[in-house]
Amino acid sequence: MGIGACVLLMALGAILAFATEFDVAGLDLQVVGWILLVVGAVGMIVVAAVWAPRRRRAAAGEVVEQRRVYEDPPP
């Protein structure tokens, strides 16, 4: 899920939670809106946690080189 999908879920959830006045039989639209808001916020946190470290390293221009040295076992 990308940032755009998270923002879309949060916007749709806010509309359902705060801006709807009609009722659907067997379904509470305000609860559905709050669920969408929470899912969008959690998705945004996950996206930020996954992508932020990668972007930070790429922006700083760090180059990390790792070398492993294997020594021959003694005879």
Same apolar cluster: [X] and [Y], side chain cutoff 4.5 Å:
X   : Y   : value
L16 : I35 : yes
I15 : F18 : no
V46 : V38 : yes
V42 : I3  : yes
V31 : L9  : yes

Report task. Could you tell me whether the side chain of F22 reaches within less than 4.5 Å of the side chain of L29, counting heavy atoms only? Result ->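 Yes; the side chains approach each other to less than 4.5 Å.
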
Minimum-distance pair of heavy atoms, taken over all atoms of [X] and [Y]:
X   : Y   : value
C6  : G40 : CB-O, 3.6 Å
M10 : L37 : O-CD2, 3.3 Å
L36 : G13 : CB-CA, 3.7 Å

